[in-house]
> 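Here you go, one structure.
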Amino acid sequence: MNENYSYSEYAVAVRQTKEMRAKQVAVIGVTAVSLVLALMVYWVFVVLTVAGGIGCYLAWQASDMEYETIFLDGSLEIAAIYQKTRRKTKFQCEMKNVLGYRVGKKEDAVRLGKITRDFSSHVEGRDCCVMKVGTEKGPHVICFEPGEELEEILEKRYRTLKA
């Protein structure tokens with residue numbers, strides 16, 4: 001294998017948090033109430049019912065989600081995979097824009113700043129990579145689970161960025 005070539009791919013299933021579950025229940029509740037109001041009171045509530053139906057579909061999509069992290073030659077991409085069928089890129093960066101990183105518990109990386117984008121599985125006790133990245137919109141602090149291969153790549157090639 002060429003020393004200059006590095007590739008890592010890792011996926012984690014996202015565990016439903018209380019906040020995610022509460023949003024899903026709220027959307028379903030609003031949809032049910034608007035459907036009753038549309039049938040009994042006034043037909044304008046049909047618009048709210050249709051919007052709630054779309055919201056229910058999106059909540060169902062988010063209920064089975066995993067994050068996939070792909071690292072290829074200094075480029076990091078994090079994508080969400082919904083229902084094991086639809087893939088959407090959530091974050092991309094080049095390692096030259098990384099201002100610092102730390103692998104460990106999320107709570108231990110406070111020196112990098114408050115986490116603005118969390119791409120982890122939300123499972124207690126798992127190690128995460130917290131990374132501060134400079135973007136056009138300003139610095140972002142992201143959190144993701146890197147996998148063993150990416151941890152080795154970061155340790156070998158980007159040790160100087162460690163916070």
> When you look at NZ of K106, are more than 12 heavy atoms from neighbouring residues, nucleotides or ligands closer to it than 6.0 Å?
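Yes, the 6.0 Å shell around NZ holds more than 12 heavy atoms from other groups.
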> How close do G113 and V141 get, counting heavy atoms only, and between which atoms?
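Heavy atoms only, the tightest pair is O-CG1, 4.0 Å.
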> What pair of heavy atoms forms the shortest contact from S6 to I153, and how long is it?
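Smallest heavy-atom distance, with atoms named: CB-CD1, 3.9 Å.
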> Return a table of donor-acceptor pairs under 3.5 angstrom between the side chains of residues 123-134 and protein atoms on other chains or two or more places apart.
{"from": "R126", "atom 1": "NH1", "to": "S121", "atom 2": "OG", "distance (Å)": "3.3"}
{"from": "R126", "atom 1": "NH1", "to": "E145", "atom 2": "OE1", "distance (Å)": "3.3"}
{"from": "D127", "atom 1": "OD1", "to": "K105", "atom 2": "NZ", "distance (Å)": "3.1"}

> Should Y57 and V50 be counted in the same cluster of Ile, Leu, Val, Met, Phe, Trp and Tyr side chains packed under 4.5 Å apart?
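Yes, same cluster.
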> Could you note down all residue pairs passing ring pair (Phe, Tyr, Trp, His ring centres under 6.0 Å) where residues 65-91 supplies at least one of them, sequence neighbours left out?
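Pairs touching residues 65-91 that pass the test: Y67-F119.
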> Could you give the distance from OG (S120) to CD1 (I115), rounded to the nearest 0.5 Å?
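CD1 of I115 is found 7.5 Å from OG of S120.
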> What residues form a salt bridge (Lys or Arg N to Asp or Glu O under 4.0 Å) with K88, not counting sequence neighbours?
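Listed in chain order: nothing, the list is empty.
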> I'd like to know if R87 pairs up with E77 as an ion pair, taking the criterion as any Lys NZ or Arg NE/NH1/NH2 lying under 4.0 Å from an Asp or Glu carboxylate oxygen.
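Looking at R87 and E77, the cut-off is met.
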> Measuring from N97:CG to L76:CG, what's the distance to the nearest 0.5 Å?
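One gets 11.0 Å once the value is rounded to the nearest 0.5 Å.
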> Please check this pair: side chain of Y101 against backbone of L112, looking for a donor-acceptor N/O pair closer than 3.5 Å.
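No; judged by distance alone, with no hydrogens or angles, the pair does not exist.
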> Do you know the tightest heavy-atom contact between R159 and K156?
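Taking R159 first and K156 second, the nearest heavy atoms are NH2-O, 3.7 Å.
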> Say you draw a straight line from OG1 of T89 to CD1 of I78; how long is it, rounded to the nearest 0.5 Å?
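Here the rounded value is 10.5 Å.
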> Do you know the tightest heavy-atom contact between K84 and I81?
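Shortest heavy-atom contact: CA-CG2, 3.8 Å.
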> Assigning hydrophobic clusters by single linkage (Ile, Leu, Val, Met, Phe, Trp, Tyr; side-chain heavy-atom cutoff under 4.5 Å), is Y158 placed with L150?
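Result: yes, single cluster for both.
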> Any donor-acceptor pair under 3.5 Å linking the side chain of R117 with the backbone of K90?
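Indeed, once roles are kept as given, a pair shorter than 3.5 Å links the two residues.
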> Does M65 belong to the same Ile/Leu/Val/Met/Phe/Trp/Tyr cluster as V27, with side-chain heavy atoms less than 4.5 Å apart forming each link?
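No.
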> Is there a path of hydrophobic side-chain contacts, each under 4.5 Å between heavy atoms of I/L/V/M/F/W/Y residues, joining L154 to V98?
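Yes, because V98 and L154 connect within a single hydrophobic cluster, where side-chain heavy atoms sit under 4.5 Å apart.
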> Could you tell me which non-hydrogen atom of I70 sits nearest to which non-hydrogen atom of Y7, and how far apart they are?
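Looking at all heavy atoms of both residues, the closest pair is CG2-CE1, 3.9 Å.
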